[in-house]
Amino acid sequence: MNFQDFFKSAKYVRAEGEHQFPYIRKEFSCDGEIKRATLYVSVLGFCELYANGKKITDDLFVTPYMQYNMQKPEDMEPNFTARHMDEYFNDELGFTVPVSEFDVKEFLLNGKNALGIIVAGGWYFTDLDKYNQYRHYGRFPKACFRLEIEKADGEIIDIISDESCLCKDSFLSRAGIYHEEQDERLEIVDFSMPDYKPEGWKKAEVHDALDAKYILNECPPDRIIKYITPVLIKETENEKIYDCKENTTGFPIVIGKGKEGDVITLKHSEDITEDGALDEAHYYSQFSTFVANGKKEEHHIRFTWHGFRYFSVSTTGDLSELNCEKVAFIHADMKNTSTFECDNDTVNFIYDAYIRTQLENCHCGVPSDCPQIERKGYTGDGQLLAPLGMMLFNSKSFYKKWLCDISDAQDRKSGFVHHTAPIFAGCGGGLGGWSVAIITVPYAYYKAYGDIELLREFYPKMKKYMSFMEDETLNGLIEIHKRPTTDWGRLGDWNGPRKPLLPQNFVNSCLYAEALYKVIEIANALGETGDIPAIEEKIASLKSAIDANFFDSETGDYCNNEQASNAFAINIGLGDERTKENLKNRYEETKCFDTGIFGTAKLPKVFFELGYADTAMLLYTTKEPISFYTWQKEGATTLREAWQNARSLNHPMFGSVVLYLFENLLGIKQKDTEYKNIVIKPCLTSLINEAKGSIDTASGVISVSFKRTSGKIIFDVVIPAKSDAEFIFEDKKYALTAGANRLEFAQR
């Protein structure tokens, strides 16, 4: 759809001059009975919506973050170099603007009415991050709306944003994605009341629509999911420090009027020091300030979120008058629709921490890397976790939106896919693990939901990307060498605990070959079988180059069997029996992960598939210093960005291992799409005696449990009515029926 389909003759409006965050007001009259009233809204930034003094929606951060337009050099950080210019500004990208739709019939009056909008910067005008950098999409946030009223007699009335809208500076002095500052003395509570007198307000400045695709927003909004009660753990003359008892995303709500002009400051951190102060290393410049008006009882941010466990409250006034009894816990309105539990506390911790971490990294339609520092939709983290995110959460519309972002992040000329979606130019990644999202995320979506039309839409984009990768092949391996980039554009197995890391061209070549196998499956599903021989030839060429450059014929190892290198190779069908045995021996000796973002996912996958279930579960349950157990012992409630000395304490990437608890330990796998044909093949291990779990699929709920007892092992399996299923145990197959199934076997 285009702009006119939603907004007809409406215009984007903003306050004139240098004013960033205005109140916008539109007065209109409507007499007679109303049959229907639909409000369409597009905001370049975030907003709150009001009609006749009432807030229209509890949705936060209206509207979602997408790639609105091509950024300009003047809207980027001051040190955005010529290298970035070559890498980004010459691309031909896609641009999409979401349009939110609201039923506002109940808010309208017979006679005089008023619409009101408070506009903030959001991702469009980001403000400075902790590095004093910004990547604005434009200098001034803007709003556009059309209210379509259908009266009982059939008359249609359009109320639109145009030069008749009035604007005034709001109470927001800073309101980008990273910070918020409010001067509550400037807040006008009744600005959207029909009888409010907008004296001194000025006419809005109007702007044309963006040259972008406009789509109806169907993405789950951010909402306050619950309230957490924080605990006051330290009080000094200057500040109060609170502990939420869990890492969270959202904002504290401070209670107390204060005196007019008092400045209340909140700072947020993921950790504290030994003396109970906020840890500056995990603060990330997350702050908010409020200039009190002496009347308002509650103080909290409204147009962004923070990622934190601890926070401090200070004021220029009387600190004893302020306290905090609740913290708003915020993420996209998605739910965990899975369950998992076993007889090992650390494995349970991994599952629980991943669920929390993933949800806390879903905001504004983007699966982010972290909720407090960068907050960006890195395609590496996102594509790695997409199958799990679609399996464990009711996330279909969330990922449908992010797929649009991935498409927009592809250069139409070369086929290159950027490392974040939406693009935040200059961020790091790699050709195999990051930009391969153009293949792996549509594939995961197809497998989860059976959407063949989406697959058909993305297939030409995959082929364009494959052409780019062919052009960037150097000595038979995937290595970016023509497109300008820095070392941050040449990442491989990012953020392992030991240096040096594996060669990036080895990692990216293995990951790209793995993706090409998915393209073959996609081509078969679409009937594009004529493309398959060339893809098979490319896979064979990649594997030959990997062997030639990294395989040691004397030992059977790739890259000296370091950091899951043998697992990367085995995963794409390389190596021999020595490769497998050496891999097993290495990790039975080290007893821990020594891997980064992708190696951590590949190890348990390969071990389970090779039949080394004990070796796989050893990595989950180990109590070595580098382990999930160490995080658990240290009181973590979310997963971390690094095994030791992590920068971010809320990073979902190592949660990829949760997938194999369902697919291998419990054994839930599908033969085709939507779990219509299921194979239940548990991988038993001496380290786990009982486990149970369930997932809610497109075909219905599947659950599996097993328990060793009195010389027996008992399996209970529930199969949806819409699915066919079989159970495999000790190489024998057993038919399963819809509903509950129990199978008992003697232990050997």
For the backbone of [Y] and the side chain of [X], can you confirm whether one donor and one acceptor N or O come within less than 3.5 Å of each other?
X	Y	answer
K669	E663	no
T249	I330	yes
S395	G389	yes
S269	D279	yes
Y620	V657	yes
T304	I177	yes
T339	S694	yes
Y558	G575	yes
S509	I478	yes
D552	G556	no

Smallest separation among heavy atoms of [X] and [Y], with atom names:
X	Y	answer
N495	A642	ND2-CB, 3.7 Å
W434	G380	CD1-N, 3.0 Å
A353	L639	CB-CD2, 3.6 Å

A side-chain contact here means heavy atoms from C-beta on lying under 4.5 Å apart; do [X] and [Y] qualify?
X	Y	result
T229	K326	no
S565	F550	no
I680	I668	yes
Y131	Y284	no
V327	K226	no
L60	I224	yes
T357	M653	no
N549	F506	no

Establish, for the pair [X] and [Y], whether the NZ or CZ atom is under 6.0 angstrom from the six-membered ring centre and no further than 45 degrees off its axis.
X	Y	result
R498	W643	no
R578	F551	no
K518	Y443	yes

Is the ring centre of [X] less than 6.0 Å from the ring centre of [Y]?
X	Y	answer
F424	W123	yes
F61	W305	yes
F715	F729	yes
F287	H179	yes
Y445	Y399	no

| Between E246 and I228, does a side chain to side chain contact (heavy atoms under 4.5 Å, CB included) hold up when you go through it step by step? | CA-CA 9 Å; E246 57 191 68; I228 296 170; 3.4 Å; yes
Any chance the side chains of [X] and [Y] put a donor and an acceptor closer than 3.5 Å?
X	Y	answer
R375	T126	no
D614	T685	yes
S368	Y378	no
E180	S288	no
D696	T337	no
T595	Q563	no
Y283	E270	no
N571	E514	yes
S314	N238	no
Q372	Q286	no

| task | Let me see the working for I546 and I572 under side chain to side chain contact (heavy atoms under 4.5 Å, CB included), right down to the final yes or no. | result | CA-CA 11 Å; I546 292 168; I572 57 171; 3.9 Å; yes
Just verifying a value: how many Å separate [X] [atom1] and [Y] [atom2], rounded to the nearest 0.5 Å?
X	Y	atom1	atom2	value
S656	I597	OG	CD1	8.0 Å
L583	K602	CG	NZ	13.0 Å
F598	L491	CZ	CG	9.0 Å
L610	K605	CG	NZ	9.5 Å
L661	N664	CG	CG	9.0 Å
F393	K335	CZ	NZ	12.5 Å

| query | Parallel, tilted or perpendicular: which describes the rings of H300 and F251, with under 30° parallel and over 60° perpendicular? | reply |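 The arrangement is parallel - the two ring planes meet at less than 30°.
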| According to the interplanar angle, ranging from 0 to 90°, do the rings of F311 and Y242 count as parallel (below 30°), tilted (30 to 60°) or perpendicular (above 60°)? |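 Judged by the thresholds at 30° and 60°, the geometry between F311 and Y242 is parallel.
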Heavy-atom neighbours of [X] [atom1] exceed 12 at 6.0 Å:
X	atom1	answer
K267	NZ	no
K712	NZ	no
K681	NZ	no

| message | side-chain hydrogen bond (donor to acceptor under 3.5 Å, both in side chains), that's the test. Do N582 and N561 meet it? Break it down for me. | response | CA-CA 7 Å; N582 292 347; N561 194 20; 5.8 Å; no
| task | Scan for salt bridge (charged side-chain N to carboxylate O under 4.0 Å, His left out) pairs involving residues 632-649, sequence neighbours excluded, and state none if there are none. | result |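 Pairs touching residues 632-649 that pass the test: E374-R647, E634-R640, E641-R647.
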| task | Go through the structure and list residues passing side chain to side chain contact (heavy atoms under 4.5 Å, CB included) with S627, not counting sequence neighbours. | result |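 Checked S627 against side chain to side chain contact (heavy atoms under 4.5 Å, CB included); matches are T622, Y629, T630.
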| task | Applying side chain to side chain contact (heavy atoms under 4.5 Å, CB included), run through H651 and D381 and close with a yes or a no. | result | CA-CA 9 Å; H651 230 82; D381 311 50; 3.9 Å; yes
| Matching residue for R309 among T637, D243, N650 - test: side-chain hydrogen bond (donor to acceptor under 3.5 Å, both in side chains) |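 Looking at T637, D243, N650, the match for R309 under the side-chain hydrogen bond (donor to acceptor under 3.5 Å, both in side chains) is D243.
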| Could you go step by step and tell me if Q632 and D345 meet the side chain to side chain contact (heavy atoms under 4.5 Å, CB included) rule? | CA-CA 9 Å; Q632 178 190 18; D345 288 342; 3.9 Å; yes
